[in-house]
Amino acid sequence: MELRFRNTLTGEIEPFEPIEEGKVGLYHCGPTVYARPHIGNHRAFLFADLLRRVLEYAGFEVTQVMNLTDVGHLTDDADEGEDKLEKRARREKIDPWDLVEKVSESFFTDLASLAVMPAHHYPRATGHIPEMLEMVCALIEKGNAYQVGEDVYFHVPSFAKYGRLSGNKVDNLEAGARLEVNPDKKHPSDFALWKSDPDHLMKWESQFGPHGFPGWHIECSAMSRKYLGDRFDIHTGGEDNIFPHHECEIAQTEALIEKSWVSTWMHTRFLQVDGGKMSKSVGNVWTLDDVQERGFSPLDFRFFVLRTHYRGAMNFTWEALKGAAEARRNLADFKGRLEASAHGAVNEGVCARIDEARELFQAALAEDLNASAALAVLFDLRSDFLQGDLKTAEEASAALSFLLEVDGVFGFLGPDEGIISLSDEEVESLIAEREEARQSKNFQRADELRASLMEAGIVLEDVAEGIRWHRI
RNA sequence: GCCGGCAUAGCCAAGUGGUAAGGCAAGGGAUUGCAAAUCCCUCAUCCCCAGUUCGAAUCUGGGUGCCGGCUCCA
């Protein structure tokens, strides 16, 4: 598979070439753990998961890192703002450290229910203060940063390429800036690497003073460097991260290492709800709990998100989720049908139809993760099967192993959760009982038996030749 | 005001120069004791206007609408 990805840095879809052959370093901007993640957040995490799985499917050895921001972000850039994490903690009258624990836990619970593969590292900002301070000091020594009182700022004019990622010009930013001028800064675009505030609850002592905490962007630079090295392959985040967050990360890191840092930047579009942005005032900031309360599986949401292209503006509606859930069920049903007629494992090459499907599938994924096109291949295969193709045991086996291969990338099937397991004998006996009921025109009893088998994940079909059944 | 991006059927969504994938929903028919199972059939000219071209959803220009960024946010 020759992978090609859209690189925000160049605006183009370009061939992916790892820095080190066969290996990929992946870094994702994770959640700020001050509030339960909503479905919009999850789009970005699901995208990260898909990317990782596709890279592994293509044969790369992946090291995946996702940070947890658990300190430091201010509610505005005027340096007067409150840390939103502390603000939330105060409102809920709990300790900020406890809030972090509580939210982090819900984050990981959500990821697990979405069948997201665990990253190799989930570094927390508060666990890497020394690494950040080390970078801050090095930047001062190199002349890219300066200290004012107990604060430290990165001097943007010292980094010529600032604005390359976002397309912003420093001059334009000044023109439209709504932020109040901070007299401490040498340049209005300069950003904080280290701040001091005695009232801050989460603070650390350092060479700059006793009450400091890290600035907005330094954590990602310091932590990615620790786990992935000076340079790595892919950095992702939501589109809102492009500026200023990622622009600033590039500036401070490249100023330090004096070479180009991340090869490919990938950003997901925001998830829209009912055609617009989600907002608390409209009341459509849904979480996975809402999804489940409405009778959907988190995997339905996973499938809904991953069947579309990560860069497209996707619109969440309950109707659309219903459609995705239905489609997912149909694929699970397809799996069950294949299992019922497959026998034994097969090697590639035994079924041309499947090999062709695999090629189409891989080609679609390789072209900047065209998930919609990739999954269409699977639906086509399902149609073929239901129409009577692929009916030999060998063909069904080949189709089944391909389906499982696809699921290895998309992960929508999940475990056979909550289904009462019946042995084949038990199923056959219940079917026989239903047949007796049908013979004696006791259709109420027959339908009860069919319904209970359905509950157990067994689908019955009354066809001309008799009764056919398969598991879902 | 400045910088990005998007606009395809009832809904979700591929397609980036050769005459509209796929899913869901819907309608008609087959099968069935019935059926949520299955099969067959039906369902768009691609936001608007003007260009380029033999030919455009796909390129160019101008609109309109929406999303993101310029302030923390996936």
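All chains are named by letter (A, B, ...) in the order of the sequence lines, taking the proteins before the strands, and each is independently numbered beginning at 1.
- For B:C34, the base has a donor-acceptor partner in the side chain of A:Arg450 [N/O atoms by modelled type, under 3.5 angstrom].
- Pairing for B:C54 goes to B:G18, judged as Watson-Crick or G-U wobble with the two contacts each under 3.5 Å.
- For B:C39 and B:U32, the C1' atoms lie 13 Å apart once the distance is rounded to whole Å.
- The CG atom of A:Asn241 sits 5.0 Å away from the SG atom of A:Cys29 when rounded to the nearest 0.5 Å.
- Remark: B:U71 base-pairs with no nucleotide; criterion is Watson-Crick or G-U wobble with both hydrogen-bond distances under 3.5 Å.
- Rounded to whole Å, the separation between the P atoms of B:C3 and B:G63 comes to 14 Å.
- Among the protein residues, A:Gly312 comes within range of no part of the nucleic acid, since none of its heavy atoms lies under 4.0 Å from any strand.
- The gap from the P atom of B:C47 to that of B:U38 amounts to 34 Å, rounded to the nearest Å.
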Could you walk me through whether A:Arg438 and A:Glu448 pass the salt bridge (charged side-chain N to carboxylate O under 4.0 Å, His left out) check?
-> CA-CA 11 Å; A:Arg438 290 181 77 201; A:Glu448 278 171 17; over 6 Å; no

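- Every pair passing salt bridge (charged side-chain N to carboxylate O under 4.0 Å, His left out) that includes a residue from residues 383-392 of chain A is listed here, sequence neighbours excluded: A:Arg353-A:Asp384.
- Among the atoms of the strands shown, base atoms are found under 4.0 Å from some heavy atom of A:His38.
- Here A:Pro37 lies out of heavy-atom contact (under 4.0 Å) with every strand.
- Across B:A13 and B:C41, the matching P atoms stand 27 Å from one another, rounded to whole Å.
- When each of B:G23, B:A37, B:C70 is scored by its nearest atom to the side-chain atoms of A:Pro244, the top-ranked nucleotide is B:C70.
- Donor-acceptor pairing under 3.5 Å, judged by distance alone, is absent between the side chain of A:Asn442 and the base of B:G33.
- Annotation: cation-pi geometry satisfied between A:Arg294 and A:Trp286 (NZ/CZ under 6.0 angstrom from ring centroid, within 45° of ring axis).
- A:Leu386 comes within 4.0 angstrom of sugar-phosphate atoms only, judged by non-hydrogen atoms across all strands, and of no base.
- If you take atom P in B:G5 and the same atom in B:A20, they sit 29 Å apart, rounded to whole Å.
- Aromatic stacking of A:Phe270 on B:A74: satisfied, with centres closer than 5.5 Å and planes within an angle under 30 degrees.
- B:A14 and B:C54: their C1' atoms are spaced 28 Å apart (whole Å).
- With both pairing distances under 3.5 Å, B:C6 is matched to B:G65 as a Watson-Crick or G-U wobble pair.
- Counting any heavy atom pair closer than 4.0 Å across all strands shown, A:Met278 reaches a base atom.
- Taking a pair to require two hydrogen-bonding distances under 3.5 Å in either a Watson-Crick or a G-U wobble arrangement, B:C39 pairs with B:G29.
- One C1' atom belongs to B:U45, the other to B:G55, and the distance between them is 14 Å to the nearest Å.
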Run the numbers on A:Glu101 and A:Ser104 for side chain to side chain donor-acceptor pair (under 3.5 Å), then give the verdict.
-> CA-CA 5 Å; A:Glu101 281 315 309; A:Ser104 299; 5.4 Å; no

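- The residue A:Phe443 sits close to a base: some heavy atom pair falls under 4.0 Å.
- Nearest to the side chain of A:Asn370, among B:G69, B:G15, B:C12, sits B:G15.
- One can find a donor-acceptor pair under 3.5 Å joining the base of B:C34 and the side-chain atoms of A:Asp462.
- At a cut-off of 3.5 angstrom, counting only N and O atoms as typed in the model, there is a donor on one side and an acceptor on the other between the side-chain of A:Arg434 and the base of B:G33.
- When heavy atoms are screened at a 4.0 angstrom cut-off, A:Arg269 is found touching base atoms of the nucleic acid.
- Backbone-only engagement by A:Ala320 is indicated by non-hydrogen atom pairs under 4.0 Å involving sugar-phosphate atoms exclusively.
- A:Met314 comes within 4.0 angstrom of the backbone, heavy atoms only, and of no base.
- Residue pairs satisfying the salt bridge (charged side-chain N to carboxylate O under 4.0 Å, His left out) criterion with at least one member in residues 103-115 of chain A, sequence neighbours excluded, are listed as follows: A:Arg36-A:Asp110.
- Counting any heavy atom pair closer than 4.0 Å across all strands shown, A:Gly237 reaches sugar-phosphate atoms only and no base atom.
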